[in-house]
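Report on one structure; see the data block that follows.
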Amino acid sequence: MYQRNAVKELLRWKDSKGRKPLVLRGARQVGKTTIVNLFAENYAQYVYLNLERDKDREIFIKYGSIEEIVQYIFLQYNKSLDKIGDTLLFIDEIQIEPKAVAMLRYFYEDYPHLHVIAAGSMLETLFDRGINFPVGRVEFRVMHPVNFEEFLGAMGENQALELYNNIPLPAFAHTKLLQLFHTYTLIGGMPEVVSEYAENKDITSIPNIYESLIATYFDDVEKYAKNANQVQLVRHAIRSSFYEAGTRIRYQGFGASSYNSREISEVLRMLEKTMLIHLVFPTTQTSAPFMPDVKKSPKLQALDTGMVNYFSGLQKELFGTKDLNSHYQGKIAEHIVGQEMLSSNYNVLNALHFWVREKKQSDAEVDFLYKFDGQVIPVEVKSGTYGKLRSLHQFLELSEISTAVRFYAGPFQVEEHKLSTGKLFKLINIPYFLSGKLNEYLDSVQC
């Protein structure tokens with residue numbers, strides 16, 4: 001079953017005290033509808049409304065009270081009100097009807113026993129239309145593409161999956177999991193791509209799916225672009241994002257264009273709202289709480305590494321690789337690690353950050369800063385020897401932190417090192433296919 005972790009998260013919501021209607025956020029085609037349909041197996045009754053269908057949308061237009069809406073839904077779909085506490089109501093494409101969004105408040109206040117989930121491909125555009133989700137009456141969760149753990153399950157690699165969840169990983173499993181992770185990195189985690197590859201094991205069968213996905217995103221542009229010029233701007237930004245992913249970007253002339261900084265800044269923030277991209281801003285701080293510096297150049301994290309590989313023409317280069325860091329200046333390795341770190345958290349406020357020190361003749365950059373148990377853990381994605389961690393050394397020299405992580409192609413091991421200042425620190429070396437397990441590995445070494 002794909003995205004089993006997402007189902008587990010929904011089960012936690014189902015059993016939580018003070019449960020509120022749940023709003024699923026995530027880019028189009030990441031599997032929101034599929035996951036809820038699977039999750040519905042945990043209920044005696046299930047009602048699916050898709051507001052792209054006139055008959056479902058009209059329920060919220062025709063009836064003004066929550067009582068009428070609930071009674072009509074149960075009548076229309078032949079469900080028993082006696083089982084309302086064991087019923088899941090899923091309102092898909094809720095962004096199409098603002099009245100349905102407003103009604104989520106009354107589902108919470110007047111029908112708390114009815115389990116309600118809402119989803120839509122472009123929920124954030126509602127805010128641009130002056131429509132807000134009822135504050136304090138709903139919960140949010142973010143859905144990401146299939147992660148590596150879920151990919152193993154989809155591929156039927158059950159033994160590899162079991163060993164992946166062993167902490168620490170047995171040494172004999174390293175080579176097999178590394179090979180599988182390279183395949184996962186190559187094709188990415190979009191559910192339709194994973195499903196096709198799992199069935200046929202043929203990478204030549206999936207290019208049409210990538211093209212279909214980007215065509216869907218282009219079609220969506222028509223729904224929120226204000227005019228024809230903005231349509232062209234947004235489409236340029238979407239396609240260019242897959243070429244620029246994994247790098248620090250400049251707004252001016254983004255994607256080798258003539259667009260100015262303001263135009264690109266606005267459209268990239270719009271794409272970030274629809275969750276097609278993440279803008280990863282740096283910080284110069286070395287202790288929590290750290291604030292991103294939005295005036296500095298951000299890194300661009302695209303929705304899915306497989307799409308980055310396809311649209312930037314890297315799939316042939318990556319095929320059969322032994323070390324991801326040997327390609328594209330190591331940016332694909334960093335990008336897939338970022339994707340895995342994001343996918344391990346469903347919190348809507350979860351974000352990536354990195355550290356920079358920009359001074360004359362002493363520039364330094366640490367790939368990620370990871371929040372763990374009240375600490376900030378610097379994370380580098382490297383393939384080389386210990387001596388190449390110059391930026392990490394600078395960060396540790398300036399901070400009180402004494403633990404760092406290196407993701408690389410080698411085995412799990414914990415080392416003690418001394419900086420030139422005499423400060424001791426612990427370096428946790430983790431194979432990058434375990435980046436989605438960072439929390440568990442930090443726990444295991446008692447950071």
Ring geometry between Y184 and F148 (parallel below 30°, tilted from 30 to 60°, perpendicular above 60°): tilted
Side-chain touch E93/R57, heavy atoms, less than 4.5 angstrom: no
Ring-face cation contact, F354 with K299, 6.0 Å cut, 45° max: yes
Distance-only donor-acceptor check, side chains Y370 and N439, under 3.5 Å: yes
Validation row: T274, Y217 side chains within 4.5 angstrom (heavy atoms): no
V366 side chain reached by E380 side chain, heavy atoms, under 4.5 Å: yes
Validation row: I117, F39 side chains within 4.5 angstrom (heavy atoms): yes
Contact check, side chains of I401 and P378, non-hydrogen atoms, under 4.5 Å: yes
Spacing of CZ belonging to R137 relative to NZ belonging to K20, to within rounding of 0.5 Å: 8.0 Å
Y46 side chain to N37 side chain, donor-acceptor N/O pair below 3.5 angstrom: yes
Check: V381 and F368 side chains under 4.5 Å, non-hydrogen atoms: yes
Test item: V36 and L88 side chains (from C-beta on) under 4.5 Å apart, heavy atoms: yes
H236-Y259 side chain donor-acceptor pair, cut-off 3.5 Å: no
I336 side, atom CD1; T305 side, atom OG1 - distance, nearest 0.5 Å: 3.5 Å
Test item: side-chain donor near acceptor, E211 and Y310, under 3.5 Å: yes
Pair E415 + R406, salt bridge at N-O below 4.0 Å: no
Short side-chain to backbone donor-acceptor contact, S399 and F395, under 3.5 Å: yes
Positive for side chain to side chain contact (heavy atoms under 4.5 Å, CB included) with P298, one of L268, I249, T247: I249
Approximate separation, where rounding is to 0.5 Å, of L177 CG and L434 CG: 7.0 Å
Gap between atom CG of L161 and atom CD of E149 - 0.5 Å precision: 6.0 Å
Worked verdict on H174 versus F433 for ring-ring contact (aromatic ring centres under 6.0 Å, His included): CA-CA 9 Å; H174 184 276; F433 58 77; 5.3 Å; yes
Rounded distance [0.5 Å steps], CG in L369 versus OG1 in T286: 9.5 Å
Parallel, tilted or perpendicular: ring planes of H278 versus H144, cut at 30 and 60 degrees: tilted
E157 and Q159: side chain donor to acceptor below 3.5 Å: no
